[in-house]
Number of protein chains: 2
Amino acid sequence: MENQDLRNTGLKVTVPRLKMLECLGKAQDRHLTAEAIYRQLLEAGEEIGLATVYRALTQFEAAGLVTRHHFEGGQAVFELERGPHHDHIVCIHCGRVEEFYDEAIEKRQRAIAKKLGFILRDHTLTMYGECSRPNCQGQNDES
Amino acid sequence: MENQDLRNTGLKVTVPRLKMLECLGKAQDRHLTAEAIYRQLLEAGEEIGLATVYRALTQFEAAGLVTRHHFEGGQAVFELERGPHHDHIVCIHCGRVEEFYDEAIEKRQRAIAKKLGFILRDHTLTMYGECSRPNCQGQNDES
DNA sequence: ACGTTAATGAGAATGATTCTCATTCTATTT
DNA sequence: AAATAGAATGAGAATCATTCTCATTAACGT
């Protein structure tokens, strides 16, 4: 339960934070912008400020509760951290995000970092393409 | 020579554009922000506006002359396009950028996209770590 | 050299995110 | 359960990167 997750971070357990985690937790899309969270909570009748959403997301990220991704398109998206690391493929038409994990890629990355003399701390791999939905493939592209 | 590159894109060959390409071409760092280019040209006595820099970079990108990367840290960086595709590893302390290419990773990506039903159009893989410079490894990390 | 048209520079405008600050809430102490 | 210290909140201002607007200037085919 989110309550405990929050407590473990040293952050105080507040209504806005709980609602935000709930929102992230039950989202079909799993990858939400700060504004999306803000709007959803507003529409649900919550009283919340956009500043609070950004602030809390940053704290969640620092606490490892949430991951921030910078896909193309200006706005960062946030994803509730559950389970192990994975990378993403994003549809350039509808924005759908799929996740994947590939041990072969991870292994090559470690080898490359080592060869270049880096201590690897993090990485982001994002593929962009056209997903299998009817309107997504074979457009003449306005990405 | 940049002159010809520019001409081929259909863009007019102007002083600001040539200076920008020159700047990108002779940079030690190879990965420059728009502001860095702007400041370097100003300091070199050129008369140029920041708007022009952004505008031209966007055009260069569309023309394939330049690649835009969104590393962590707000500002996009631009890199003169020369040679084939590659990915990046960035030092989280000093900002150094190294490039690499790995066919095994590329191949896995194509396979994964296919398996997920995506037509792969693009991808970005960036690793973050501590490079081998004396002050970069083994810090207690303020990244 | 001329004229058409694209390119430029300055500053305003925008969009995302962060900051400020007075008020409210949490969790801990009486 | 009331008191309290400090963290959290919401509103709006502020900031940062980037884009837009528009009057002026420069490029280049004729």
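Within every chain, numbering begins at 1; the chains are lettered A, B, ... in the order of the sequence lines, protein sequences first and strands thereafter.
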Would you tell me if any nitrogen or oxygen in the side chain of [X] comes within less than 4.0 Å of OP1 or OP2 on [N]?
| X | N | value |
| --- | --- | --- |
| Thr14(A) | dT9(D) | yes |
| Arg17(B) | dA7(C) | yes |
| Tyr54(B) | dT19(D) | no |
| Arg55(B) | dA6(C) | no |

First locate atom NE2 of His31(B), then atom CD of Glu79(B), and finally report the distance between them rounded to the nearest 0.5 Å.
3.5 Å
Could you pick out which residue, Val15(B) or Phe78(B), lies toward the 5' side of DNA chain D when each is mapped onto its nearest nucleotide?
Phe78(B)
Considering only [options], which nucleotide approaches the side chain of [X] most closely?
| X | options | answer |
| --- | --- | --- |
| Arg68(B) | dT26(C), dA7(C), dT19(D) | dT19(D) |
| Gln75(A) | dT17(C), dA11(D), dA27(C) | dT17(C) |
| Thr52(A) | dA17(D), dT9(D), dA16(C) | dT9(D) |
| Glu35(B) | dA17(D), dC28(D), dC19(C) | dA17(D) |

Rounded to whole Å, how long is the line connecting atom [atom1] of [X] with atom [atom2] of [N]?
| X | N | atom1 | atom2 | answer |
| --- | --- | --- | --- | --- |
| His70(A) | dT18(D) | NE2 | C1' | 16 Å |
| Leu41(A) | dT9(D) | CG | C1' | 14 Å |
| Leu50(B) | dC16(D) | CG | P | 14 Å |
| Leu11(A) | dG6(D) | CG | P | 18 Å |
| Glu46(A) | dT9(D) | CD | C1' | 14 Å |
| Lys12(B) | dT4(C) | NZ | P | 13 Å |
| Arg39(B) | dA17(D) | CZ | C1' | 13 Å |
| His69(B) | dT18(D) | NE2 | P | 14 Å |

Indicate yes or no: at least one non-hydrogen side-chain atom of Leu120(B) is less than 4.5 angstrom from one of Tyr128(A).
no
Keeping Thr52(A) on the side-chain end and Ile48(A) on the backbone end, is there a donor-acceptor pair under 3.5 Å?
no
Got a donor-acceptor contact below 3.5 angstrom from the Gln137(A) side chain to the Gly117(B) backbone?
yes
Contact class for Ala76(A) vs. all strands (heavy atom < 4.0 Å): base, sugar-phosphate, or nothing?
sugar-phosphate
Using the ring centroid of each side chain, check whether Phe71(A) and His88(A) are separated by less than 6.0 Å.
yes
Contacts of Gly49(B) and Thr33(A) projected onto DNA chain C by closest heavy atom; the upstream (5') one is Gly49(B)
